[in-house]
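As structure tokens, the structure follows; a few thoughts come after it.
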Amino acid sequence: MSDQGREELSQVMRHRREKLAALRERGIEPFAYNFEPTATAAGAITAFEAGEADGNLAEGGYGPSFRLGGRIVGWRDMGRSVFAHVEDVSGRVQVYFKKNVVGEESFETLALLDLSDWIGVEGPTFRTRSGEVTVHVESWTLLTKSLRPLPFGKVETDAETGERIVHSGFEDQEARYRQRYADLAVHPEVREVFRTRSRVITALRRFLDAEGFLEVETPVLQPIYGGASARPFLTRHNALDRTMYLRIADELYLKRLIVGGLDRVYEISKDFRNEGLSRVHNPEFTMLEWYQAFSDYEDQMELVERLVLYVLDEVVGERRVRVGDREIPVEAPFRRLGLIDGLSEVLGRDVHEMTQEELYKKAEELGIPDLKGAGRGKLIDKLFGELVEPGLMHPTFVLDHPKELSPLAKPHRRDARLTERFELYIGGAEIFNAFSELNDPIDQRERFEAQTALREAGDDEAQQIDDDYIRALEYGMPPTGGVGMGVDRLVMMLTGQTSIRDVILFPILRTEE
RNA sequence: GACCCGGUAGCUCAGCUGGCAGAGCAACUGACUUUUAAUCAGUAGGUCGCGGGUUCGAGCCCCGCCCGGGUCACCA
């Protein structure tokens with residue numbers, strides 16, 4: 001956005017600069033230093049209504065006086081009076097300026113105000129003829145002059161239903177993401193999504209803290225990345241003259257802490273995966289991981305159930321989530337479905353008894369792309385993703401994944417081909433992933449070596465050998481259950497958003513120009 | 001990365017078979033002391049995403065590029 005020279009400014013912005021100059025000529029500072037409100041917009045309305053209900057209004061129907069600060073979001077000039085709406089963090093309230101109340105000079109100066117300016121007003125509350133609680137302004141002060149108009153739509157409240165009707169507005173998705181400040185400023189419902197996001201994170205912390213977990217911080221810049229199968233972002237440390245990676249997961253560091261005797265730890269972290277963007281993928285995303293000594297994945301399923309219900313109770317107030325226009329009830333215990341069992345049922349054959357060639361053929365028949373080089377585990381995973389996953393709307397634990405897909409998970413105690421692992425799907429999306437953590441250092445080294453073989457075969461998402469992590473396991477990690485959770489995806493579910501970009505304040509976009 | 005759709009005034013959009021660049025809201029001037037999508041009268045506002053090409057003439061047709069959205073792929 002170029003901003004050099006008045007010639008390039010739009011007409012609208014030129015007018016605002018002219019008003020800015022006119023304000024200064026009148027000795028008014030257009031960018032005030034501070035302001036002390038005595039109430040919020042919603043608080044003033046509530047206080048008036050309480051006084052009204054108690055029969056406590058002064059003569060003329062006036063309630064208590066307040067000083068309010070907010071942004072001008074509506075303006076109706078009636079000649080010798082003006083009605084405006086001022087919006088603060090709590091909502092909007094109507095304010096009423098009358099020439100013979102605020103005084104002639106002050107009233108004339110109102111002409112230099114615009115939509116999106118920040119002002120402070122002071123005066124008693126009253127109810128207008130048409131019934132709206134309003135601040136009868138006795139004095140006002142400019143807090144900040146806005147030089148660029150916000151893209152307000154016209155907003156009408158349906159008198160009967162109370163529904164908010166938007167007549168036109170700020171709809172351009174690109175502009176809304178790039179200028180999230182403007183998106184937030186004109187869309188109260190967007191502000192609400194991010195308030196909910198904050199409440200979700202607070203609830204997650206409160207739950208885990210109460211369970212005796214310790215919140216920790218582990219490195220974002222890592223010399224070896226691990227804990228997940230994904231391509232990393234690379235960066236460079238100049239003084240050490242070496243490549244560093246932005247973390248793709250916290251897993252291996254958190255389990256080192258379990259070795260060290262911090263027996264319940266969690267971290268809420270930004271992780272980075274160098275992958276494509278989609279409705280459910282942002283390269284920079286928020287993950288919650290926790291690890292609990294002496295527990296296995298069965299224990300973790302129980303903990304996850306309690307956590308999900310806790311967050312729903314605390315944040316949403318009802319045990320259901322919205323996906324698109326579907327309402328999905330969430331009640332414990334969640335369904336448990338063996339990955340192999342689920343797939344065998346759909347295929348009408350025991351998957352264990354199918355050869356790799358048969359699995360490959362089946363996948364090909366279904367038109368599943370990009371199969372070349374896929375091993376048995378990957379084929380099973382793809383088939384499951386195609387045939388079973390889309391139907392998992394109600395909360396479902398998918399259990400016991402093939403060993404080669406889970407290099408950090410413990411072998412299943414009853415079936416060596418599988419691991420003790422679960423993924424929790426809600427609304428067709430994977431939100432949790434957990435295992436009984438592999439703590440046999442010899443097995444772990446072999447699994448890493450198998451990953452190295454995959455890497456050499458061209459799989460650039462295969463995991464790296466982390467010798468220091470093996471060393472930690474050699475000291476002894478107690479039996480441990482661990483869980484990873486996609487915070488953004490959980491927030492999507494709880495706010496009914498269909499794109500991850502709508503729950504991330506500043507999602508990744510290509511750079512402008 | 002592939003395909004589909006889109007980019008026109010500050011915002012939301014229209015623009016026919018290629019023939020003077022349009023509307024609503026916002027802005028500006030004026031009227032109006034209980035309005036609330038205020039109303040009424042008038043005015044101004046454009047790099048039609050960018051660069052080439054075809055044509056007497058391009059917002060519109062052709063080629064290339066940029067940006068976004070969607071779908072797919074990749075991706076626990």
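Computed from a predicted model, the values in this text were never measured in an experiment. The analysis underlying the following values was restricted to heavy atoms, covering all of them including side chains, and did not include hydrogens, waters or symmetry mates. Every chain is numbered from 1, with letters handed out A, B, ... down the list of sequences.
Rounded to an integer number of Å, the gap from CZ of A:Arg16 to P of B:A26 is 13 Å. In this structure, CG of A:Leu150 is placed 15 Å from C1' of B:A27, rounded to the nearest angstrom. Nucleotide B:G70 holds its P atom 10 Å from the CG atom of A:Leu277, rounded to whole Å. Taking atom NE2 of A:His187 as the reference point, atom P of B:U12 lies 9 Å away to the nearest angstrom. Nucleotide B:C72 holds its C1' atom 16 Å from the CG atom of A:Leu366, rounded to whole Å. Between A:Tyr62 atom OH and B:U34 atom C1' the separation is 10 Å, expressed in whole Å. As a whole-Å value, the separation of A:Phe170 CZ from B:C13 P is 12 Å. For A:Glu132 and B:A38, the CD to C1' distance is 13 Å, given to the nearest whole Å.
With distances taken from any side-chain atom of A:Ser499 to the nucleotides B:U33, B:G70, B:U35, the minimum falls on B:G70. You'll find that the side chain of A:Arg178 is closest to B:G68, out of B:G68, B:C32, B:C74. Relative to the side chain of A:Met78, the nucleotides B:G10, B:U34, B:G70 differ in distance, and B:U34 lies closest. Distance from the side chain of A:Pro151 is smallest to B:C11 among B:U34, B:C11, B:C74. Out of B:C74, B:C28, B:U33, the shortest distance to the side chain of A:Tyr96 is found at B:U33. When distances are taken from the side chain of A:Phe126 to each of B:G10, B:C75, B:U34, the shortest belongs to B:U34.
No salt bridge links A:Arg26 with A:Glu108; every basic N to acidic carboxylate O contact stays at or beyond 4.0 Å. Using a 4.0 Å cut-off between a side-chain N of Lys or Arg and a carboxylate O of Asp or Glu, A:Arg180 and A:Asp183 qualify as a salt bridge.
A:Glu284 pairs by the salt bridge (Lys or Arg N to Asp or Glu O under 4.0 Å) definition with A:Lys270, not counting sequence neighbours. Residues passing the ring pair (Phe, Tyr, Trp, His ring centres under 6.0 Å) test with A:Tyr425, sequence neighbours excluded: none. Partners of A:Asp296 under the salt bridge (Lys or Arg N to Asp or Glu O under 4.0 Å) rule, at least two apart in sequence or in another chain, are A:Arg413. Applying the salt bridge (Lys or Arg N to Asp or Glu O under 4.0 Å) rule to A:Glu298 yields no partners; only residues at least two apart in sequence or on another chain are considered. Here A:Arg24 pairs with A:Leu20, A:Glu29, A:Pro30, A:Phe31 under the side chain to side chain contact (heavy atoms under 4.5 Å, CB included) rule; sequence neighbours left out. By the salt bridge (Lys or Arg N to Asp or Glu O under 4.0 Å) test, A:Asp443 pairs with A:Arg447, sequence neighbours left out. Residues that satisfy the side chain to side chain contact (heavy atoms under 4.5 Å, CB included) test with A:Ser116, not counting sequence neighbours, are A:Arg16, A:Arg71, A:Ser146, A:Leu150, A:Phe152.
Comparing the P positions of B:G19 and B:A37 gives an interatomic distance of 40 Å, to the nearest angstrom. Comparing the same atom, P, in B:A73 and in B:U55 gives a spacing of 45 Å after rounding to whole Å. When the P atom is used for both B:C13 and B:A31, the distance is 36 Å, rounded to whole Å. Separation of the P atoms belonging to B:G70 and B:C61 is 25 Å when rounded to the nearest angstrom. Atom C1' of B:A21 sits at a distance of 10 Å from the matching atom of B:A9, rounded to the whole Å.
Annotation: side chain of A:Gln300 is in contact with side chain of A:Trp290 (closest heavy-atom distance under 4.5 Å).
Looking at heavy-atom distances under 4.0 Å, A:Asn100 makes contact with a base. Within the nucleic acid shown, A:Arg127 has no heavy atom closer than 4.0 Å to any nucleic acid atom. Residue contacts for A:His85: at a heavy-atom cut-off of 4.0 Å it reaches a base atom on one of the strands shown. Nucleic acid contact class of A:Lys99 (heavy atoms, under 4.0 Å, all strands): none.
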(Q) Treating primed atoms plus P, OP1 and OP2 as sugar-phosphate and everything else as base, which nucleotides of nucleotides 39-49 of chain B get B, S or - for protein heavy atoms under 4.0 Å? (A) -----BS----
Q) Where each pair must be Watson-Crick or G-U wobble with both distances under 3.5 Å, what dot-bracket representation of RNA chain B is obtained, with crossing pairs in [ ] and other-strand partners as |? A) (((((((..((((.....[..)))).(((((.......))))).....(((((..]....))))))))))))....
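Residue A:Lys19 has a polar side-chain atom (N or O) positioned under 4.0 Å from OP1 or OP2 of B:C28. Contact check, A:Lys378 against B:C74: no side-chain N or O comes under 4.0 Å of OP1 or OP2.
Taking 3.5 Å as the limit, the base of B:U35 and the side chain of A:Arg76 contain a donor-acceptor pair of atoms between them. Within 3.5 Å, a donor on the side chain of A:Gln94 pairs with an acceptor on the base of B:U35, or the reverse.
Residue-to-nucleotide proximity on RNA chain B shows that, of A:Leu408 and A:Ile508, the 5′-proximal contact is made by A:Ile508. Closest-nucleotide positions on RNA chain B for A:Leu115 and A:Arg279 were compared, and the one nearer the 5' end corresponds to A:Leu115.
With values rounded to the nearest 0.5 angstrom, A:Asp488 atom CG is found 12.0 Å from A:Asp502 atom CG.
Within a 6.0 Å radius of CD in A:Glu365, more than 12 heavy atoms belonging to other residues, nucleotides or ligands are found.
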